[in-house]
Enquirer: 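Sharing a structure below in structure tokens format, with a few things to ask.
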Amino acid sequence: PSAIESALYAWWEERGLFSPEASDRQAGGTPYVIMMPPPNVTAVLHMGHGLNNTVQDVLVRFERMRGRRALWLPGTDHAGIATQNVVERLLAREGLTRFDVGREAFVERVRSHVHETGAVILEQLKAIGSSADWSRTYFTLDDDLSRAVREAFVTLYDEGLVYRGHYIINWCPRCLTALSNEEAEKEETDGKIWHLRYPLADGGGHVVVATTRPETMLGDTAVAVHPDDDRYRHLVGRELRLPVVDRLVPVVADDAVDPAFGTGAVKVTPAHDPADFDIGRRHDLPTIDVMTPEARISLAAPDRFQGLDRFDARARVVAEFAEAGLLERVEPHRHAVGHCYRCGTVIEPRLSDQWFVRMAPLAAPALEKYRDGTLRFLPERRGDDYVQWLEGIRDWCISRQLWWGHRIPVWYCQAEGCARTTVSRTEVDACPACGGAVKQDEDVLDTWFSSWLVPFSSLGWPARTPDLATFYPGHTLVSAPEILFFWVARMIMSGLHFMGDVPYTHIYLHGTVRDTQHRKMSKSLGNGIDPLEVVERYGADALRYSLVSGMSVGTDVILDPGDLEGSFAAGRNFANKLWNAGRFILSNLDGVPRPLAGSPEAVRADEYTLADRWILARCDATVREATEAYERFRLNEAAGVVYRFLWSDLADWYIEQIKPRLFGDLSGGDVARSVALQTFDVALRLLQPVMPFVTEALWRRVPGRPADASISVAEWPRQDARAEDPVALAEFELVQQVVGAIRGIRAEYGVQPGQTVRAFVSRNGHAPSAAFERERGTIVRMARLSEFSLAGSSEPVGAHAVLPDGTAVFVPLGDAIDVGRECGRLGTEADRLGALLIAQEKKLANEQFVARAPADVVAREREKLGAWAEQREVLVRKRDLLGCR
RNA sequence: GGGCGAAUAGCUCAGUUGGUUCAGAGCGCCUGCCUUACACGCAGGAUGUCGGGGGUUCGAAUCCCUCUUCGCCCACCA
């Protein structure tokens, strides 16, 4: 593979085969568009990319051959937090932070880093054969896409759907930025719940509150109870003296409190908990922010706590409660804790000013498009996730306290007394109200705020470009399920809002690549497989085939990092088989073969042997089955269907069948060449989407092919109703069965491969099938016979077999036969059939069955009974002949 | 806590609306073969309570219930 793959890829690119125009054979028919999930600029290819892009490539190559204008649009994502973290780590090696180098210099630094590494992953995608239209590659921070981001932001602002608010958001104390709800990954964690006593200010007892984060009590400004809770009704309105901080806080009554949980009394920390924040607002409570952005204790807390890390502060608060005798008890408590999706740090809910998108109005039409059947999920059950998320959607926090990204297009007037905020598509130099100096918002937008626009921003929006008119909306979105909410669902919302239509109708969510212990492959676990190493060793085709054949719609792909060869043997072996079958057929061609139709010298129907008719019929069935499988996204099935045709039918039987015709003095060699080449050509084309390299290399070697022809844009094989030939299928199957039976006997009795045997077939009351005579040569050759007779035999000593249609097969083995053993073998077989017969008779005697089962099923069952009876009869007679007792 | 999915050969998985000899494929394993396309191959072979239990049906790997185990998504009960 390494000798041909990169050269072929270069040739495809050179020829511009991946542009939609190259495949347009339908003169302006509906284009087929897939948006590639843009990899992060700093990413290097892993198996997840391999799977994702293989699936997309298979689909786009399939549609390309079908003659649709096929566009697979690639790009890269600036990946705000991820990329900034990478460069910050590089700076850290020099002992610097981003604050040391300053915003402008830092952004420049990121930009040049990205410039160096940005294209690496795209080059790697080429190595696995990805046929994206690289001439259209975008980057989310390009000028065009930045314009789209501003357009979207300002439009939503004008519509009242973007607003600035003072709320509790998810804060990552390591990345020092706000995160959206989706970016805070909930993880079940074994923690503790502390029961703390808060004494009443006027003495006379205490209230016990339960908390999982004791350190936040430093910022408590109330204790809340349910208004109907009799245990606490008398305390509402009274004051408690907060231990440790020695502050008076009121007891308030609020419906949000669940009397059944914990003690029924909740400490209220409006600055550090979203629920508490709401309670605080309802009761006009002060907010005391006791933490710095780094999640250390702030100056708002007592001196001895200031500067302590939150978890150290937790221990100290608990210790002080214990010392004062106010720690009632500690219990283990399992609960979900948010973690930063980029660095894994525990999220701290934090009160701050952020920008939000109001999501409910955007979610409604997106839900409608699912309910009315416009959107189709594969697997279907993923639609449930989509609905559940949209129904419970909360506003999207889109501002990030980062430097790498699209700066928020909002300017604040700095002039005394002028509080004007300007939201603008273009740069603002002076306050439009007072002419005073302005300052742009320091924050950047969530990376996903640019990603959710790419189905149209990558095509030129907001400009009305020809590309936008042609390629929006697209058709399929192929994605990992992890980014269903981050990206896929949001694109649907933005598409509906800004373009008035969904960006795609089919959402294919593939599985995850895992190791044999079902752990997700990851760098940190060290259980990854490098796709490029696989390409280098076994070829991109082997990688692709192995991935595709090992998955069905939406299921995970399990690979063994400890057994690279085993994991990819299926693909490697098949690519090799294909190559060798191709070499055989092509090297035996003897010029351009006769056509099968459409010309005076075309092969006539009466020139076909049974085997020819059989392989043509099998080929036709394969076209039908493979096409249907691709259409239904059942890629493993499509690959499997062609695999079996090529290997089991074409290579194992047909190629073996035609050898005498090609080499010997048997006639019909020209027909065999034509049929072999034709069916092989069809198989190559059916396989091109999955194995583009080896199929291209072979296809181009066919004599008479124009020098610039490529299988990538060759016509998809058409099903030909005339090739349907159930008779040939059934008859050749008998040939296969008789060969199989004789081979079985040979193996059973240890007949040496070089030694020929004689074989006789006969049938009770009927003549043996004419197929045996038609393919006599095939049977003689493939079963290695010295004699093949349709007249039966009177010789008693030999091995017997019986075919499903009742044909008896007899192989006299002379002295080699062990009569006792053969009797045993026949007896076992007869007994097996006998048992089947009894069960079958019982079944047919069952009036319920005969009455209720469909007539065709009953008829079929009756036929089976007859066939088995005949088979058994033959065996019993053979036993008699052998003198078995 | 709410929702969803999976369990089939030693491993990874097919089995498409219940009905052909339906219990399968690939890898691995066993036996014999370097048969002039391919040993990454050829021929033959072994291996299963279709997770357990119950039910529906003339008939269940397939539909229903339940249990067990595993996985995924969602969740401001402190």
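In what follows, chains carry the letters A, B, and so on, assigned in the order in which the sequence lines appear, proteins first and then strands, with residues in each chain numbered from 1. This one's a predicted model, so the numbers in the text were calculated from it and none came from an experiment. Keep in mind that the numbers below use all heavy atoms, side chains included, and drop hydrogens, waters and symmetry copies.
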Enquirer: Using the side-chain heavy atoms of A/Ile558, tell me which of these nucleotides is nearest: B/rG44, B/rC40, B/rC13.
Expert: B/rC13
Enquirer: Side-chain N or O of A/Arg634 versus OP1/OP2 of B/rG15: is the shortest distance under 4.0 Å?
Expert: yes
Enquirer: Take A/Arg634 and A/Asn636 through the test side-chain contact (heavy atoms from CB on, under 4.5 Å) and record every step on the way to the result.
Expert: CA-CA 6 Å; A/Arg634 293 168 170 257; A/Asn636 59 333; 4.3 Å; yes
Enquirer: Whom does B/rA60 pair with, Watson-Crick or G-U wobble, provided both distances fall under 3.5 Å?
Expert: none
Enquirer: Take the protein atom CD of A/Gln752 and the nucleotide atom P of B/rU31, then report the distance between them rounded to whole Å.
Expert: 15 Å
Enquirer: So which nucleotide from B/rC77, B/rC40, B/rA37 ends up closest to the side chain of A/Phe261?
Expert: B/rC77
Enquirer: Rounded to whole angstrom, note down the C1' distance from B/rC34 over to B/rG19.
Expert: 47 Å
Enquirer: Can you identify which nucleotide, out of B/rC13, B/rA78, B/rC73, has its nearest atom closest to the A/Asp385 side chain?
Expert: B/rC73
Enquirer: Would you mind telling me which residue lines up with the more 5' stretch of RNA chain B, A/Gly262 or A/Glu182, judged by nearest nucleotide?
Expert: A/Glu182
Enquirer: When rounded to the nearest Å, what value does the distance between C1' atoms of B/rC50 and B/rA25 take?
Expert: 16 Å
Enquirer: Does any nucleotide pair with B/rC42 by Watson-Crick or G-U wobble geometry, both distances under 3.5 Å, and what is it?
Expert: B/rG32
Enquirer: Classify A/His333 by what it touches in the nucleic acid, base, sugar-phosphate, or nothing, heavy-atom distance under 4.0 Å.
Expert: sugar-phosphate
Enquirer: With rounding to whole Å, what would you report as the distance between B/rG2 and B/rU12 at their P atoms?
Expert: 31 Å
Enquirer: Does A/Glu656 contact B/rA43 through a side-chain donor or acceptor facing the base, at a distance under 3.5 Å?
Expert: no
Enquirer: For the side chain of A/Lys267, counting heavy atoms from C-beta on, which of B/rA78, B/rC13, B/rC38 is nearest?
Expert: B/rA78
Enquirer: Using the P atom on both, measure B/rU69 against B/rC77 and round to a whole Å.
Expert: 26 Å
Enquirer: Mind calculating the distance between NZ (A/Lys659) and C1' (B/rU35) to the nearest angstrom?
Expert: 8 Å
Enquirer: With heavy atoms under 4.0 Å as the rule, sort A/Arg583 into base, sugar-phosphate or nothing.
Expert: sugar-phosphate
Enquirer: Do A/Phe377 and A/Tyr370 have their ring centres less than 6.0 Å from each other?
Expert: yes
Enquirer: Regarding A/Trp647, tell me which of base, sugar-phosphate or nothing describes its non-hydrogen contacts under 4.0 Å with the strands shown.
Expert: sugar-phosphate
Enquirer: What is the base-pairing partner of B/rC70, counting Watson-Crick and G-U wobble geometry with both distances under 3.5 Å?
Expert: B/rG5
Enquirer: Among B/rC4, B/rA78, B/rC40, which is the nearest nucleotide to the side chain of A/Arg381?
Expert: B/rC4
Enquirer: Return the nucleotide paired to B/rU49: Watson-Crick means purine N1 to pyrimidine N3 with N6-O4 or O6-N4, wobble means G-U with N1-O2 and O6-N3, both under 3.5 Å.
Expert: none
Enquirer: To the nearest Å, how far apart are A/Glu637 CD and B/rA25 P?
Expert: 16 Å
Enquirer: So what's B/rA78 paired with, Watson-Crick or G-U wobble, going by both distances under 3.5 Å?
Expert: none
Enquirer: Send over the distance from A/Arg519 CZ to B/rC72 P, rounded to a whole Å.
Expert: 13 Å
Enquirer: Which part of the nucleic acid, if any, lies within reach of A/Glu482 when heavy atoms closer than 4.0 Å are counted: base, sugar-phosphate only, or nothing?
Expert: nothing
Enquirer: Looking at A/Phe584, I'd like to know if the NZ or CZ of A/Lys659 sits under 6.0 Å from its six-membered ring centre while staying within 45 degrees of the ring's axis.
Expert: yes
Enquirer: Roughly how far apart, to the nearest Å, are B/rU8 and B/rA60 at atom C1'?
Expert: 14 Å
Enquirer: Applying a 3.5 Å limit to both distances, which nucleotide forms a Watson-Crick or G-U wobble pair with B/rA14?
Expert: none
Enquirer: Assign A/Ala260 to base, sugar-phosphate, or nothing according to its heavy-atom contacts below 4.0 angstrom with the strands shown.
Expert: nothing
Enquirer: Taking only the side-chain heavy atoms of A/Arg514 (C-beta and beyond), determine which of B/rC42, B/rC33, B/rC72 contains the nearest atom.
Expert: B/rC72
Enquirer: If the P atom of B/rG18 is compared with that of B/rG54, how far apart are they to the nearest Å?
Expert: 23 Å
Enquirer: With under 30° as parallel and over 60° as perpendicular, where do the rings of A/Trp389 and A/Phe485 fit, or are they tilted in between?
Expert: parallel
Enquirer: To the nearest Å, give me how far apart CH2 (A/Trp653) and C1' (B/rC42) are.
Expert: 12 Å
Enquirer: Looking at B/rG1, I'd like to know if its phosphate oxygens (OP1 or OP2) sit under 4.0 Å from a side-chain N or O belonging to A/His335.
Expert: no
Enquirer: Is a salt bridge present between A/Glu565 and A/Arg572, judged by a nitrogen-to-oxygen distance below 4.0 Å?
Expert: yes
Enquirer: What nucleotide among B/rA75, B/rC74, B/rC38 has an atom nearest to a side-chain atom of A/Glu188?
Expert: B/rA75
Enquirer: Quick one: label A/Ala275 by what it contacts on the DNA or RNA (base, sugar-phosphate, nothing), any heavy atom closer than 4.0 Å.
Expert: base
Enquirer: Whether A/Arg781 and A/Glu656 form a salt bridge (side-chain N of Lys/Arg under 4.0 Å from carboxylate O of Asp/Glu) is what I want to check.
Expert: yes
Enquirer: If I pick the C1' atom on B/rU31 and the same atom on B/rG48, what distance separates them, to the nearest angstrom?
Expert: 22 Å
Enquirer: With a 4.0 Å cut-off, would you call A/Glu841 and A/Arg862 a salt bridge?
Expert: no
Enquirer: Less than 6.0 angstrom from the centroid, inside 45 degrees of the normal: does A/Arg213 satisfy that with respect to the ring of A/Trp194?
Expert: no
Enquirer: Which one, B/rC72, B/rC76, B/rA14, comes nearest to the side chain of A/Thr555?
Expert: B/rA14
Enquirer: Would you say A/Lys577 places a side-chain N or O within less than 4.0 Å of OP1 or OP2 belonging to B/rC42?
Expert: yes
Enquirer: Counting only side-chain heavy atoms from C-beta out, which of B/rA78, B/rU12, B/rC73 sits nearest to A/Asp258?
Expert: B/rA78
Enquirer: Look at A/Arg381 together with A/Asp384 and state whether they make a salt bridge at an N to O cut-off of under 4.0 Å.
Expert: no
Enquirer: Given atom CD of A/Glu861 and atom C1' of B/rG18, what is their separation to the nearest angstrom?
Expert: 13 Å
Enquirer: Establish, with yes or no, whether the OP1 or OP2 oxygen of B/rC76 is under 4.0 angstrom from a side-chain nitrogen or oxygen of A/Arg394.
Expert: yes
Enquirer: Picking from B/rA37, B/rA43, B/rC73, which would you name as closest to the side chain of A/Arg743?
Expert: B/rA43
Enquirer: Using the C1' atoms only, state how far B/rA6 lies from B/rG51, rounded to an integer number of Å.
Expert: 11 Å
Enquirer: The test is ring-ring contact (aromatic ring centres under 6.0 Å, His included); show your working for A/Tyr167 and A/Phe356 and say whether it passes.
Expert: CA-CA 10 Å; A/Tyr167 294 107; A/Phe356 296 86; 5.6 Å; yes
Enquirer: At 4.0 Å (heavy atoms only), tell me whether A/Ala336 reaches a base, stays on the sugar-phosphate, or touches nothing.
Expert: base
Enquirer: Any side-chain N or O of A/Lys186 below 4.0 angstrom from OP1/OP2 of B/rC76?
Expert: yes
Enquirer: With respect to the phosphate group of B/rC72, does any side-chain polar atom (N or O) of A/Lys520 fall under 4.0 Å of OP1 or OP2?
Expert: no
Enquirer: What's A/Trp868 touching, base or sugar-phosphate or nothing? Going by heavy atoms closer than 4.0 Å.
Expert: base
Enquirer: Taking for each residue the nucleotide of RNA chain B bearing the nearest heavy atom, is the 5' side occupied by A/Arg784 or by A/Glu565?
Expert: A/Arg784
Enquirer: Starting from P on B/rG15, measure out to CZ on A/Arg632 and report it in whole angstrom.
Expert: 10 Å
Enquirer: B/rC27, OP1 or OP2 - any side-chain N/O from A/Asn573 closer than 4.0 Å?
Expert: yes
Enquirer: Would you mind reading off the distance between A/Ile779 atom CD1 and B/rA43 atom P, rounded to a whole angstrom?
Expert: 17 Å
